[in-house]
Every structure is written in structure tokens, then in C-alpha cells.
S.K.: 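Dumping the structure here so I can ask a few things about it.
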Amino acid sequence: MTTTHDVTPAHAQLDRNGASHSFHDLDDYDADKHGHYLEGACVVYLRRNSANTAWLIDGPTTDGYGLDTSHPEGDLVFDTDECPCGHTPRENEAKHVAAVDAVQSLPNADELVHLLADALGYELRKIDGPVCRSCGRTEPQDDSCADDLYGRHDVPAA
């Protein structure tokens, strides 16, 4: 369960690490207090199930590694001029450049699902039991796999 805390400004919330995860107005953003304003974008790989009736998360998304960047040049961070530190892509500023260079990876799928849940106000619950490699569900959730012609779940051997 994720807990958010009321802070000033009223619309800002803290994530599980105690950092603000949402700024609706960059006027509330203080680079010295909150760190540099860096943006990234990631790829979530999807595929259609074998019956072509639903989307599934494809394996490269859930391999445990950081998600792939969608930046056309392969950069992890989109270097914009939105950072209130005064840096712009045309004016190098040592602290800002160091903050960009410190980004080693984008979040992995597990980290992303927590970020999304925090941002959207959801609570997460980890599913107990083996998960079907085809449809991603457990037997108690769904007794028939939609991704198998005969409805059999592809569960790893215990």
C-alpha cells in the first residue's frame, strides 16, 4: 500500500521515497530542494494474444531491467530548458549536466507500476501463486487462459 502525505503546496504529494512525484506548476519547483527537473520516456512492449482478442505485456518489458528509452537518440533523459536551475540545452551548467549523467537507467516494469499507481491513486496488491507465462494471470484469478486454444495456463513447474 502506498501512502501519500499532505505537503505544501497542497497539490504536491510524496512518493514512497519521500520525494515529490508530481508538480502541476513549475513555479512550485525548486531545483535546490527538489533536484533538477529531468524528463525521460520509456517503451512498454505489447503484443497480441494468440486469439488476437487482447493486449499482453511482452517479455522484454518484464525482464527486470530498466525499460528501454523512447528517445530517438537513445538518451535516458530528455534535456529540456524547463529546469528552473537556469540551465538550457544551449548553456551547460555543471550541476545540471552532472544530474543528467547520474541517470543510469529508466525504471523497470515493477518500479513503473508503482509510479503509475502512486500518480493515479491506486493501491497495489501482489498476487500470490504462480503466474501464467501466456496471459499473466493466476488460476484463482481466471480458471481459463484466454491465450491458449484449450484454456490451459502455462505455469512454471514448482
Side-chain angles (χ1 to χ4, degrees), residues 1-5 12-24 26 29 31 34-83 85 87-89 92 95-158:
M1 183 171 116
T2 301
T3 304
T4 57
H5 307 278
Q13 294 180 325
L14 299 181
D15 65 13
R16 293 176 295 141
N17 301 315
S20 179
H21 65 80
S22 177
F23 285 92
H24 300 283
L26 282 178
Y29 194 88
H34 302 113
H36 291 271
Y37 187 86
L38 305 176
E39 295 177 328
C42 62
V43 177
V44 174
Y45 294 99
L46 304 173
R47 68 176 174 86
R48 295 296 283 179
N49 66 9
S50 61
N52 198 24
T53 58
W55 285 106
L56 303 172
I57 303 293
D58 203 12
T61 297
T62 58
D63 62 7
Y65 293 101
L67 296 169
D68 292 338
T69 181
S70 66
H71 193 284
E73 296 173 14
D75 296 334
L76 295 177
V77 174
F78 287 83
D79 199 6
T80 69
D81 58 0
E82 294 181 68
C83 188
C85 74
H87 163 84
T88 70
N92 283 339
K95 289 182 182 179
H96 185 85
V97 172
V100 170
D101 291 344
V103 177
Q104 298 296 311
S105 71
L106 291 171
N108 63 29
D110 187 61
E111 294 164 337
L112 179 62
V113 78
H114 283 92
L115 289 168
L116 287 168
D118 286 346
L120 298 172
Y122 286 92
E123 292 181 8
L124 298 177
R125 179 177 53 91
K126 183 88 171 161
I127 298 172
D128 293 326
V131 174
C132 176
R133 289 181 278 224
S134 296
C135 71
R137 299 182 64 77
T138 64
E139 191 74 33
Q141 283 183 306
D142 189 350
D143 64 356
S144 179
C145 178
D147 202 32
D148 183 78
L149 179 63
Y150 301 105
R152 297 174 298 217
H153 285 290
D154 180 15
V155 181

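Note that these values count all heavy atoms, side chains included, but never hydrogens, waters or copies made by symmetry.
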S.K.: Drop me the distance from Leu124's CG to Asp118's CG, to the nearest 0.5 angstrom.
M.R.: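 Leu124 CG to Asp118 CG: 8.0 Å, rounded to 0.5 Å.
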
S.K.: First locate atom CG of Asn108, then atom OG1 of Thr61, and finally report the distance between them rounded to the nearest 0.5 Å.
M.R.: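 Spacing of CG (Asn108) from OG1 (Thr61) equals 11.0 Å.
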
S.K.: Looking at CG of Leu106 and CG of Leu76, how far apart are the two atoms once the value is rounded to the nearest 0.5 Å?
M.R.: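 Going from the CG atom of Leu106 to the CG atom of Leu76 covers 5.0 Å.
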
S.K.: Quick check for you: to the nearest 0.5 Å, what is the distance between Glu111 atom CD and Cys42 atom SG?
M.R.: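 One finds 11.0 Å between CD of Glu111 and SG of Cys42.
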
S.K.: Could you list all the salt bridge (charged side-chain N to carboxylate O under 4.0 Å, His left out) pairs where at least one residue sits in residues 53-76, not counting sequence neighbours?
M.R.: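 Residue pairs with at least one partner in residues 53-76: Arg47-Asp58.
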
S.K.: Does any non-hydrogen side-chain atom of Ile57 lie less than 4.5 Å from one of Leu46?
M.R.: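 The answer is yes, as the side chains (C-beta and beyond) meet within the 4.5 Å cut-off.
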
